**Student:** 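Encoded as structure tokens, here's the structure I'll be asking about.
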Amino acid sequence: MGQAGIITSLFRMIISFSNNPTKMRNQSLLVVAMMAMASLTGCFGLGSDTGPANSEPENDPLRINHIQMKGTHNSYHVEPLISPTREYMYTHQTLDFQASQQGVRQFEIDVWWDIREGLRVYHNQYDSGTTCPTFENCLSTLLSWSNQNPLHHPIFIWVEPKDWPEQAAEVTATLELSGLLEDIEQEIAQFWPLNKTITPDDVRRGSASLKDAISTDGWPLLEDSRGKAIFVLLARGESRDLYVETHPGLVGARMFTLSEETSNEAAIFSLSDPIGGGDEITRLVEEGYIVRSRADSGGEEADNNDTTRRDAALAAGAHSISTDYPAQVDGLEYWVEIPGGTPSRCNPISSPEWCSSEYIEG
């Protein structure tokens, strides 16, 4: 067991004593546990959000952007009985299983507006299998896991709005007609507590913009962010602009956006090609932004056991690396793990030198 694991075990022991009158009668055991806790925190430098004792915690405490985690693409997805394309031939476990058993900490959810049933979750009309049929179902599943595991590092929930009429009309017209973006915002507010959410306001703090906050003050401390979620609107162009128009500067918004680097909302980016865009990913990470990338797409890497794209994303420092294969499946040798992760690890580009995976989560 690592140092952080020892501290966690002792902490839970103390809580167990304090909540059990019978155990409390054995004062000597409680005192021993508390003395060991104090000794270990002093030796290992774990009394706050710092690292080992020989680090300089006042200068380099761990922050949200110091993490590298595994994510899943279309995290709700279930393979159709008859698949029209190789791209649809994969099945994910439920969201809570992914989090608890597969080490997934970044999720992607496609959301459709349905006049009868509210916000539905599936890929498209030909590929509609899902482990959580509604947005509320998806959030409730993840929230239950989060509440049971309050020490987890922040999870990222990417939300992609989808709407059939945009095939035949301007995106802004259809989104305004359906109210999809605001429905998503309202359901996040309704089904995910604000005190378990890291919002743009939390990152901006006293700065004029998100961009300024990230460049001057950085992201919130990791220890202040445990048990929380960051929501990201997975949309560009007119869809994103419509959301920003409703929430200027993302003030009061529950979601971050994929905004241009020159904009005041710049904070989080998605670069799907870590081979061609590896240098750009690394540059953005070095400048303090958070970047998502993908290890595979359409089954091509999985069928050929080709880890080139996965390895490039890891090396470039992408904070979350999304895959269709977060665990081994029959008939394939390919899947994605974060090397040395517990389940995530220190970001190889942005984290301080003293960081080790057990300080991220373990």
Side-chain angles (χ1 to χ4, degrees), residues 62-76 92 94-111 119 121 131-132 134-161 181 183-205 210 214 219-235 243 247 250 252-258 265 267-270 289-292 318-322 326 338 343-344 347 360-361:
L62 290 180
R63 298 183 181 274
I64 294 173
N65 62 312
H66 293 155
I67 304 171
Q68 188 170 67
M69 71 194 80
K70 175 166 56 176
T72 46
H73 165 247
N74 292 345
S75 304
Y76 53 84
H92 285 308
T94 59
L95 302 183
D96 53 346
F97 187 95
Q98 291 179 48
S100 63
Q101 302 299 317
Q102 298 177 341
V104 176
R105 294 292 182 269
Q106 174 253 296
F107 304 87
E108 179 190 330
I109 302 173
D110 291 341
V111 178
L119 300 185
V121 172
T131 62
C132 47
T134 68
F135 192 42
E136 178 185 355
N137 294 152
C138 295
L139 294 183
S140 296
T141 299
L142 282 174
L143 181 60
S144 178
W145 170 83
S146 178
N147 287 336
Q148 293 169 19
N149 298 272
L151 297 180
H152 70 78
H153 73 66
I155 61 174
F156 283 71
I157 302 175
W158 291 68
V159 184
E160 183 172 2
L181 295 178
D183 283 349
I184 291 172
E185 183 84 354
Q186 289 172 14
E187 290 210 359
I188 292 173
Q190 181 178 356
F191 300 119
W192 197 279
L194 182 59
N195 66 354
K196 288 179 64 67
T197 310
I198 299 170
T199 68
D201 288 341
D202 295 325
V203 177
R204 187 186 308 101
R205 298 184 288 274
L210 276 173
I214 288 169
W219 289 85
L221 297 178
L222 175 60
E223 289 306 314
D224 295 337
S225 307
R226 294 193 181 279
K228 298 183 180 182
I230 293 176
F231 291 87
V232 185
L233 179 66
L234 183 52
Y243 183 75
H247 305 277
L250 299 183
R254 293 297 178 101
M255 293 187 285
F256 291 81
T257 57
L258 299 180
E265 298 82 31
I268 297 178
F269 294 81
S270 179
Y289 298 109
I290 285 177
V291 183
R292 164 191 179 263
H319 295 91
S320 64
I321 300 167
S322 186
I338 300 297
S344 302
N347 190 291
I360 300 296
E361 186 180 324

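Nothing fancy with the numbering, it's 1 onward along the sequence. All values reported here derive from a predicted model rather than from experimental measurement.
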**Student:** Got Leu233 and Pro161 here, is their nearest side-chain heavy-atom distance under 4.5 Å?
**Tutor:** yes
**Student:** Looking at every heavy atom in both Ala318 and Asn347, which two are closest together, and how far apart are they?
**Tutor:** O-ND2, 4.0 Å
**Student:** Run the side-chain contact (heavy atoms from CB on, under 4.5 Å) test against Glu136 and tell me which residues pass, sequence neighbours left out.
**Tutor:** Thr134, Ser140, Glu187, Phe191
**Student:** Which residues pass the side chain to side chain donor-acceptor pair (under 3.5 Å) test with Arg63, not counting sequence neighbours?
**Tutor:** none
**Student:** Measuring from atom CD1 of Ile360 to atom CG of Leu62, what distance do you get when rounded to the nearest 0.5 angstrom?
**Tutor:** 5.0 Å
**Student:** Under the rule for side chain to side chain donor-acceptor pair (under 3.5 Å), what residues qualify as partners of Thr141, not counting sequence neighbours?
**Tutor:** none
**Student:** So, taking the atom named CD in Gln106 and the one named CD1 in Ile157, what distance separates them when rounded to the nearest 0.5 Å?
**Tutor:** 10.0 Å
**Student:** Enter the distance from Arg105:CZ to Ile321:CD1 here, rounded to the nearest 0.5 Å.
**Tutor:** 14.5 Å
**Student:** Between Ser225 and Leu221, which heavy-atom pair has the shortest distance, and what is it?
**Tutor:** OG-O, 2.7 Å
**Student:** Roughly how far, to the nearest 0.5 Å, is the OG atom of Ser144 from the CG atom of Leu139?
**Tutor:** 12.5 Å
**Student:** Using ring pair (Phe, Tyr, Trp, His ring centres under 6.0 Å) as the criterion, list what pairs up with Phe135, not counting sequence neighbours.
**Tutor:** none
**Student:** Decide yes or no for Phe231 and Thr197: does some side-chain heavy atom of the first lie under 4.5 Å from some side-chain heavy atom of the second?
**Tutor:** yes
**Student:** Do any N or O atoms from the side chain of Lys70 and from the backbone of Pro326 form a donor-acceptor pair under 3.5 angstrom?
**Tutor:** yes
**Student:** Could I get the full list of side-chain contact (heavy atoms from CB on, under 4.5 Å) partners for Thr131, not counting sequence neighbours?
**Tutor:** Tyr76, Val78, Thr94
**Student:** Apply ring pair (Phe, Tyr, Trp, His ring centres under 6.0 Å) to Trp219 and list each qualifying residue two or more places apart in sequence or on a separate chain.
**Tutor:** Phe256
**Student:** Using a 4.5 Å cut-off on heavy atoms from C-beta on, say whether the side chain of Thr257 contacts that of Pro200.
**Tutor:** no
**Student:** What is the minimum heavy-atom distance between His319 and Ile67, and which atoms define it?
**Tutor:** CD2-O, 3.3 Å
**Student:** How about Asn137 and Val121: do any of their side-chain heavy atoms sit closer than 4.5 Å?
**Tutor:** no
**Student:** Can you measure from CZ (Arg254) to CD (Glu185) and round to the nearest 0.5 angstrom?
**Tutor:** 7.0 Å
**Student:** Is there a donor-acceptor contact under 3.5 Å from the side chain of Tyr243 to the main chain of Met255?
**Tutor:** yes
**Student:** Within this structure, what is the CD1-CD1 distance for the pair Ile198 and Ile155, rounded to the nearest 0.5 Å?
**Tutor:** 10.0 Å
**Student:** How close do Lys228 and Asn195 get, counting heavy atoms only, and between which atoms?
**Tutor:** CE-O, 3.5 Å
**Student:** Which pairs, with at least one residue in residues 145-156 and sequence neighbours excluded, count as a salt bridge (charged side-chain N to carboxylate O under 4.0 Å, His left out)?
**Tutor:** none
**Student:** How would you list, by chain and number, every residue that makes a side chain to side chain donor-acceptor pair (under 3.5 Å) with Thr72, sequence neighbours excluded?
**Tutor:** Ser75, Gln98
**Student:** What residues, two or more places apart in sequence or in another chain, satisfy salt bridge (Lys or Arg N to Asp or Glu O under 4.0 Å) together with Arg226?
**Tutor:** Glu223
**Student:** Are Phe156 and Ile290 close enough that some pair of their side-chain heavy atoms sits under 4.5 Å apart?
**Tutor:** yes
**Student:** Could you walk me through whether Arg292 and Ser320 pass the side chain to side chain donor-acceptor pair (under 3.5 Å) test, one step at a time?
**Tutor:** CA-CA 5 Å; Arg292 164 191 179 263; Ser320 64; 5.2 Å; no
**Student:** Can Leu194 and Thr199 be said to form a side chain to side chain contact (heavy atoms under 4.5 Å, CB included), step by step?
**Tutor:** CA-CA 8 Å; Leu194 182 59; Thr199 68; 4.0 Å; yes
**Student:** Could you tell me whether the side chain of Ile230 reaches within less than 4.5 Å of the side chain of Ile64, counting heavy atoms only?
**Tutor:** yes
**Student:** Can you name the side-chain contact (heavy atoms from CB on, under 4.5 Å) partners of Ser146, sequence neighbours left out?
**Tutor:** His152, Trp192, Lys196
**Student:** What closest approach, in Å, do Pro154 and Leu222 show between heavy atoms, and which atom pair accounts for it?
**Tutor:** CD-CD1, 3.7 Å
**Student:** Indicate the atoms forming the closest heavy-atom contact of Leu258 with Ala235, along with that distance.
**Tutor:** CB-O, 3.9 Å
**Student:** The criterion is ring pair (Phe, Tyr, Trp, His ring centres under 6.0 Å); which residues satisfy it with His92, sequence neighbours excluded?
**Tutor:** Tyr90
**Student:** Applying side chain to side chain donor-acceptor pair (under 3.5 Å), can you list everything that pairs with Glu160, at least two apart in sequence or on another chain?
**Tutor:** none
